[in-house]
Amino acid sequence: MARFKDIEEKWQSRWHEQGLHISERDERPKFMIIFAYPGVTGYLHVGHMRGYTYVDAISRYMRMNGHNVLFPVGTHATGNGAISLASRVAARDPDTIDYLLRNGCPEGSLPLLETPEGVVDFFNDVYVNDYWKRFGFLCDWRRFTSSIRPDYNRFIQWQFRKLMELGLLIQKPYYAPACVECGPVAVDPSETDLSKGGNAEVNEYTLLKFRCGDEYLIAATLRPETVFGQTNFWVNPDVDYVRVRVGDETWIVSEPASRKLTHQMDDVSPLGPVAGTELLGMMCAAPMIGREIPVLPAAFCDPNVGTGLVTSVPSDAPDDLVALRELQRDPDKLRSYGLDPSIADIDIIPIIDIEGYGPCAAVDIVDRMGVEDGRDPRLPEAKKQVYKDGHHLGRMNSNCGTYEGLRVEEAKERMRDDMLASGEASLFHDLSEEVVCRCGKPVMIRRVDDQWFIDYGNPELTARTKEHCKGMGIFPSEYYNNVQGVLDWFRERACVRQGNWLGTRFPFDEGWIIEAISDSTLYPVYYLISSYANEGKVSEAQMTEPFFDHVILGRGEGADVSQQTGIDADVLRSIKADVAYWYPLDLNLGGKEHMTVHFPAFLFNHQAIMPDDLLPRGIFVNWYITGKKGKISKSKGGAQPIPGAAERFGVDSLRLYYAHVASPFADVEWDEDIVTSYRQRVERVMRMVEELHSLDGADRGVADRWLRSRMARHVEATRRHMDHYDLRQMANVVYFDIPNDIRWYLRRGGRDRATARKAVDAWLRMMCPITPHLAEEAWESIGGQGLLSEAEYPGHEDYDAESELAESYLREVMEDVNEILKVTGIKPEALHLYTAPAWKSKVMSVAVTMAEQGSLSIPNLTKSVMSDENVRSHGKAASEFAKKVATDMMRRSTSELERLSADIDEAGLLGEARPFLESELGCEVVVHSSDEDDLYDPQSKARASVPMRPAIYLE
RNA sequence: GCGGGGGUAGCCAAGCCUGGCCAACGGCGCAGGACUUAGGAUCCUGUCCUUAGUGGUCCGAGGGUUCAAAUCCCUUCCCCCGCACCA
């Protein structure tokens with residue numbers, strides 16, 4: 001194990017000494033490849049290395065194929081992940097500290113992690129050194145950049161100026177989660193900003209206004225299409241509501257709702273409380289249908305959800321139905337509120353037809369499940385089921401006026417919009433569950449009027465981008481097709497945030513920070529500039545709009561730009577030439593989560609800003625390595641830290657594991673036993689290399705020709721697979737097919753020094769992309785010249801079809817023998833092989849000729865061959881054989897026919913292989929021709945012989 | 001509901017696009033053997049049923065096209081992912 005580590009370090013430093021990581025313009029064709037840079041969110045786990053490893057392997061392959069390769073890396077630190085981690089470290093949060101230490105953070109580094117910048121610097125270092133360098137990647141480290149560096153920020157500001165220039169930045173209102181104290185926060189499952197509620201979603205409610213005298217009761221609903229089924233209104237008698245002034249209207253809502261409203265509407269002012277009980281028994285006018293309905297008591301109205309007031313649609317809402325039935329069963333309850341029980345004599349109004357349900361879906365499901373009251377634990381399930389089916393399968397029925405016949409999905413939007421237009425409704429956004437900021441204050445939805453969006457819905461841009469994608473290399477091919485739909489689906493995206501975020505200031509309003517998805521779209525081109533910034537040749541102050549316009553878009557004169565910015569004219573020329581040389585990006589690789597987020601934005605921004613000849617050429621999507629249950633979680637433990645895995649299994653074992661374990665387009669469950677078996681595989685392969693190299697014999701003929709031919713084919717196969725970056729197939733050839741062939745060669749007695757050395761030479765080169773450290777080590781030990789990583793990938797060699805045919809013939813004979821041994825269980829003292837008699841070969845060759853001419857049939861063949869005296873003399877056996885051959889041949893493909901018609905010297909081959917067969921079987925082997933006189937054939941087996949398939953007799 | 005992917009022998013997983021050496025690559029697991037009797041090692045053989053190398057059945061299920069289908073067409077069942085939906 002330690003041996004792995006020594007070898008890894010040795011070669012990594014050699015590569016570095018030799019400057020393999022440095023990519024500079026030259027005369028070779030270029031190849032630029034990246035993986036989507038990771039967010040700086042903490043430690044990564046073994047699953048993340050999968051995609052990164054693909055990129056290094058592909059870039060090494062391209063390098064060995066004569067390409068000048070650029071593989072730059074960076075990190076994405078935009079957002080508030082680092083801020084929140086820093087604050088937790090500063091607060092000495094035990095879980096956070098434990099997490100850091102468990103993953104190998106030195107205790108002494110903790111103070112560094114108390115600032116966001118410190119967090120980013122620390123993890124940049126971890127990613128580069130503990131992950132990427134540790135895995136032997138040949139990246140151009142000089143170009144490393146991170147999205148919160150000032151020079152990067154200048155680039156992003158330039159990008160946004162270009163978007164503005166193109167009219168792709170637009171403003172419109174937006175509803176965003178925000179802490180009442182801290183301002184905007186991110187609501188997502190990682191809960192970096194939150195202490196509670198990361199899974200909450202933003203729901204759009206329709207506020208329905210029920211006129212009640214000169215004021216309105218306001219109900220919030222997610223199902224505005226059900227208004228035709230309204231029978232009554234629910235108020236919680238135990239809740240105190242409030243009156244609020246909204247514009248020139250008076251609304252009644254719950255107290256929490258009134259507070260939420262102030263963040264979303266102008267002109268909201270409190271008027272005073274009103275007890276729920278005061279509202280009971282009133283009549284109010286239901287929107288859309290205009291009918292007067294009674295206000296009834298219900299305990300399930302939660303003041304924290306929606307407005308705390310609910311409209312009742314018992315036909316389709318199980319909650320409403322159950323509450324109504326409870327009231328109807330319990331007249332005393334109504335009397336206790338001073339209401340006449342007859343007020344609850346309400347007819348349910350069916351409004352939606354759903355396949356598989358009666359006219360009122362809620363009645364159906366509640367009765368079917370036997371739900372009796374509002375406390376029944378199955379009620380939520382019933383609700384979920386009926387809503388789901390209603391939404392997907394439902395159609396509005398004849399009680400729904402002009403909406404009759406519409407699908408629920410359509411009716412919902414139409415009815416909402418119609419009520420908004422008539423003033424009977426309003427919109428309200430709320431979180432689906434309670435969300436609490438890290439600071440402890442509640443998070444609510446705030447309306448932002450002047451939110452900036454990138455207009456990815458632009459039809460012209462979408463059309464151009466879709467067209468360009470048709471010419472790209474997009475893997476897997478499913479995504480090639482699907483991306484067209486994704487681009488259509490991609491709409492305006494809010495691109496700036498307010499509040500405490502790391503990132504680039506929005507150039508048109510410095511109070512905003514550009515958000516994470518929007519500042520990570522065009523950045524690959526910045527890798528061509530970052531090295532100049534890193535080396536101090538260009539300062540961020542010099543990165544003006546004309547500078548980027550010039551070096552990226554070719555605008556303006558170099559001399560002018562040089563003068564304006566003070567950048568050395570040669571430096572400027574060099575940057576411009578770099579961009580022209582390296583761009584476009586040949587391949588961008590990212591995980592499947594990017595399919596609907598990053599990749600479309602990446603494509604759109606390039607299409608919008610870059611000239612046609614700098615548009616991306618390829619995308620590669622990889623799926624995940626998962627834990628036992630779903631994705632390996634960074635936070636929940638169970639994740640294998642990367643350096644530990646490298647230590648345990650060896651980097652090359654892991655690289656092979658990633659490359660080979662499954663299709664890149666499938667999730668894989670991390671399983672240490674599997675990884676172990678890959679470690680054994682690389683060990684075995686390396687032993688085999690040594691063994692091959694140590695051979696010092698002479699050419700023995702067919703086996704040697706066979707191995708050379710097979711190696712030539714394997715080289716060809718790997719090249720073919722790598723044409724579409726199919727590392728798995730490539731690895732399969734190199735680490736499985738080739739060893740199998742070499743085993744056969746050795747078993748067969750192959751010992752030729754020249755053949756073996758040639759095979760080792762090609763084989764190590766083929767290994768270099770995936771297991772570079774071990775391949776280099778072996779390369780050195782066999783006296784290879786220079787670094788293998790800089791060597792050429794093996795080229796084309798001719799095949800030797802004849803030796804391949806001969807070996808497969810031999811293997812088939814052995815298989816047949818084994819089959820018989822297995823069935824009979826005998827331990828043979830002698831094996832007799834009988835090659836087919838000449839007359840059978842004659843029949844076969846006539847049949848092949850006929851099959852090729854398309855004239856093969858049983859009568860034709862029989863007639864033809866029976867005219868030959870040498871055949872006819874075998875009488876019935878001859879005609880039966882002809883019949884069998886004809887039947888068989890008529891269903892063979894041309895490639896099989898070729899094989900059958902091959903003219904090989906079976907007796908000669910078997911004769912040559914006799915010593916081999918004898919040692920394999922441990923018995924005497926005798927080769928006969930069925931044509932021999934006085935044939936030794938005690939069981940008359942010889943007659944079963946067929947050309948290419950000798951008869952067998954074991955005794 | 002919309003969009004996408006998939007069901008292959010104990011497991012994982014190729015192949016299907018460009019039908020034919022496909023009973024179906026390869027790996028793992030398992031069984032037997034060899035070597036060796038230290039090592040999670042290596043090598044050979046076997047691993048649907050049947051059988052002196054044959055024959056039968058087989059690639060979710062059912063039809064069809066074809067001389068020939070895991071591969072093409074139709075029907076059907078099931079699973080997964082994204083979106084949507086859910087006071």
Side-chain angles (χ1 to χ4, degrees), chain A residues 201 203 205-206 219-223 234 257 300-302 304-311 313 317 319-320 380 383-394 407-409 412 428 430 432 476-479 481-482 485-486 488-489 592-593 595-597 623 660-663 665-669 671 673-674 676-681 683-684 687-688 691 728-729 731-733 735-737 739-740 743 746-747 808 812-826 856 887 889-900 920 922 939 941 944 948-954:
Chain A
E201 287 168 33
N203 285 327
Y205 290 92
T206 303
T221 183
L222 288 166
R223 304 196 65 194
W234 297 118
F300 72 86
C301 298
D302 181 343
N304 291 306
V305 177
T307 54
L309 296 168
V310 177
T311 184
V313 185
D319 276 337
D320 297 342
K383 202 159 68 177
K384 190 171 175 174
Q385 190 61 44
V386 77
Y387 284 142
K388 190 174 177 156
D389 290 341
H391 184 264
H392 299 320
L393 307 169
R407 285 176 35 228
V408 165
E409 281 184 279
K412 183 188 296 282
F428 172 63
D430 198 7
S432 60
S477 56
E478 288 78 17
Y479 187 56
N481 298 323
N482 197 216
V486 171
D488 273 330
W489 163 85
K592 66 178 178 180
E593 76 278 16
M595 287 195 290
T596 52
V597 184
W623 269 234
H660 185 263
V661 66
S663 157
F665 318 126
D667 288 334
V668 175
E669 205 174 85
D671 179 337
D673 290 344
I674 305 279
T676 301
S677 83
Y678 279 99
R679 193 186 68 206
Q680 288 166 358
R681 172 61 57 169
E683 286 169 342
R684 190 178 347 170
R687 272 197 306 273
M688 203 175 251
E691 185 179 356
R728 180 184 147 78
Q729 293 296 337
N732 204 55
V733 171
Y735 299 90
F736 295 89
D737 293 346
N740 282 344
R743 241 170 36 214
L746 294 172
R747 183 177 168 193
S808 71
E812 279 166 26
V813 170
M814 288 177 65
E815 274 168 30
D816 280 346
V817 171
N818 278 327
E819 180 76 19
I820 296 167
L821 288 174
K822 177 187 126 197
V823 171
T824 60
I826 57 180
L856 180 63
T887 314
M889 289 249 176
M890 282 190 291
R891 41 184 312 175
R892 296 290 174 181
S893 67
T894 48
S895 67
E896 286 176 276
L897 289 176
E898 257 171 52
R899 195 183 123 74
L900 288 169
E920 286 284 319
Q939 288 193 12
K941 295 291 182 192
M948 294 303 286
R949 197 155 191 206
I952 296 165
Y953 171 55
L954 286 161

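Remember, it's a predicted structure, so these values are computed and weren't measured experimentally. Below, chains carry the letters A, B, ... as their sequence lines are ordered, and counting in each starts from 1.
Nucleotide B/U42 forms a Watson-Crick or G-U wobble pair with B/A34, both donor-acceptor distances falling under 3.5 Å. Nucleotide B/C2 has B/G82 as its partner under the Watson-Crick or G-U criteria, with both atom distances under 3.5 Å. Searching all strands for a Watson-Crick or G-U wobble partner of B/U47 with both distances below 3.5 Å returns B/G29. The base-pairing partner of B/A14, taking Watson-Crick or G-U wobble contacts with both distances under 3.5 Å, does not exist among the strands shown.
At the heavy-atom level, A/Y479 lies nowhere under 4.0 Å from the strands shown. Nucleic acid contact for A/A317: none, since no nucleic acid atom lies under 4.0 Å from a heavy atom of the residue. In this structure, A/Y953 reaches the bases: a heavy-atom distance under 4.0 Å links it to at least one base atom across the strands shown. Here A/P739 lies out of heavy-atom contact (under 4.0 Å) with every strand. Using a 4.0 Å heavy-atom criterion, one finds that A/L821 contacts no nucleic acid atom at all. Contacts of A/A219 with the nucleic acid, taken as non-hydrogen atoms under 4.0 Å apart, are absent. Using a 4.0 Å heavy-atom criterion, one finds that A/D302 contacts the bases of the nucleic acid, with or without backbone contacts as well. If you check every strand for non-hydrogen atoms under 4.0 Å, A/I952 touches a base.
Contact annotation: A/R747 does not reach the phosphate of B/U42 (side-chain N/O to OP1 or OP2, under 4.0 Å). Under 4.0 angstrom from either OP1 or OP2 of B/U54 there lies at least one side-chain N or O belonging to A/R949. Here A/K822 does not reach the OP1 or OP2 of B/A31: none of its side-chain N or O atoms lies under 4.0 Å away. Between B/U42 and A/R684, a contact under 4.0 Å exists linking OP1 or OP2 to a side-chain N or O.
Judged by closest nucleotide on RNA chain B, A/K941 is the one of A/K941 and A/L309 placed further toward the 5' end.
B/G32 and B/U51 have their P atoms separated by 22 Å, given to the nearest Å. B/C74 and B/G5: their P atoms are spaced 15 Å apart (whole Å). For the P atom pair drawn from B/G15 and B/A34, the interatomic distance equals 39 Å after rounding to whole Å.
At distances below 3.5 Å, not a single donor-acceptor pair connects side-chain atoms of A/N203 with backbone N or O atoms of A/D430. No donor-acceptor pair under 3.5 Å is formed between the side chain of A/Y953 and the backbone N or O of A/Q939. At least one donor-acceptor pair closer than 3.5 Å links the side chain of A/D302 to the backbone N or O of A/N304. No side-chain donor-acceptor contact under 3.5 Å links A/N732 to the backbone of A/R728. Of the possible polar contacts, one joining the A/K412 side chain to the A/L222 backbone as a donor-acceptor pair under 3.5 Å is found.
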Under 3.5 Å, N/O pairs linking protein and nucleotides 10-13 of chain B:
unit_1, atom_1, unit_2, atom_2, d
B/A13, O2', A/R728, NH2, 2.9

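Rounded to an integer number of Å, the gap from A/R687 CZ to B/C43 P is 8 Å. Atom CG of A/N732 is separated from atom P of B/A14 by 10 Å (rounded to the nearest Å). Atoms CD (A/E815) and C1' (B/U51) sit 17 Å apart, rounded to a whole Å. In this structure, CZ of A/R743 is placed 12 Å from C1' of B/G27, rounded to the nearest angstrom. When the P atom of B/C43 is taken as reference, atom CD of A/E683 falls 13 Å away, rounded to whole Å. Between the CD atom of A/E691 and the C1' atom of B/C43 there is a distance of 10 Å, rounded to whole Å. The interatomic distance linking A/H660 (NE2) with B/A14 (P) rounds to 10 Å, in whole Å. Across the protein-nucleic acid pair, A/E920 atom CD and B/C44 atom P stand 9 Å apart, rounded to whole Å.
Distances from the side chain of A/R223 to the nucleotides B/U51, B/G15, B/C86 place B/C86 closest.
A perpendicular orientation is assigned to the rings of A/F665 and A/W623, their planes being inclined by more than 60° (bins at 30° and 60°).
A/H660 and A/Y735 form no side-chain donor-acceptor contact under 3.5 Å, judged by distance and modelled atom types alone.
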